[in-house]
Amino acid sequence: MDMNDTIKSQLEENPAILYMKGSPQAPQCGFSAKTVQALMACGEKFAFVNILDNPELREALKVHSSWPTYPQLYISGELVGGCDIIMEMSENGELATAVKAACKKTEA
């Protein structure tokens with residue numbers, strides 16, 4: 001399986017997935033830490049991939065998303081954005097709404 005197939009598979013299998021530096025329990029940068037906190041406040045489970053563990057995936061995802069920085073949040077297979085966008089969405093309630101709706105779809 002090439003990296004594009006890996007990315008597509010991860011996006012299809014997870015209603016909310018965060019490509020980040022580190023893990024939710026041990027973020028490796030401040031932007032990833034802030035994004036994780038915002039996602040955890042939504043009250044839904046989300047998947048994550050530590051891009052520091054896989055440099056090939058890290059580079060392939062930049063091409064796939066046309067987004068050069070991390071973290072990158074995908075909801076229902078679509079790129080939502082990075083830390084600044086996630087924080088703005090969290091503050092206005094859009095993040096929780098989007099994450100809950102995506103997770104609800106997979107439960108049905």
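None of the values given here were measured: they were computed from a predicted structure. The first residue of the sequence shown is numbered 1, and numbering continues consecutively from there.
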| Looking only at heavy atoms, what is the nearest atom pair of A98 and I75, with distance? | O-CG2, 3.7 Å
| query | Can you name the salt bridge (Lys or Arg N to Asp or Glu O under 4.0 Å) partners of K62, sequence neighbours left out? | reply | E59
Show me the donor-acceptor pairs, under 3.5 Å and distance only, between side chains in residues 77-88 and residues at least two apart or in other chains.
none

| request: Check step by step if side-chain hydrogen bond (donor to acceptor under 3.5 Å, both in side chains) holds for Y19 and Q10. | output: CA-CA 10 Å; Y19 292 90; Q10 291 172 340; 2.7 Å; yes
| task | Indicate, with yes or no, if V63 and V49 share a hydrophobic cluster defined by side-chain heavy-atom contacts under 4.5 Å among Ile, Leu, Val, Met, Phe, Trp and Tyr. | result | no
| request: List in chain and number order the residues that pass side-chain hydrogen bond (donor to acceptor under 3.5 Å, both in side chains) with E94, two or more places apart in sequence or in another chain; answer none if no residue qualifies. | output: N92
| query | When rounded to the nearest 0.5 angstrom, what distance separates CG in L73 from CG in L95? | reply | 6.5 Å
| With A47, which residues qualify under side-chain contact (heavy atoms from CB on, under 4.5 Å), at least two apart? | N14, I17
| query | In Å, rounded to the nearest 0.5 Å, how long is the span from OH of Y74 to NE2 of H64? | reply | 4.5 Å
| note | Taking every heavy atom of L61 against every heavy atom of Y70, the minimum-distance pair comes out as CB-OH, 3.3 Å
Output side-chain donor-acceptor pairs under 3.5 Å for residues 26-39, partner residues at least two apart or in another chain, one line each.
| from | atom 1 | to | atom 2 | distance (Å) |
| --- | --- | --- | --- | --- |
| Q28 | NE2 | A26 | O | 3.3 |
| S32 | OG | K21 | N | 3.1 |
| T35 | OG1 | F31 | O | 2.9 |

| request: Please list, chain by chain and in numerical order, all residues satisfying side-chain hydrogen bond (donor to acceptor under 3.5 Å, both in side chains) with T97, sequence neighbours excluded. | output: none
| Tell me, do R58 and L52 make a side-chain contact under 4.5 Å, heavy atoms counted? | yes
| Point-to-point distance, once rounded to the nearest 0.5 Å, from NZ of K104 to CD of E44 | 9.0 Å
| message | For N50 versus G22, what's the shortest heavy-atom pair and its separation? | response | OD1-N, 3.0 Å
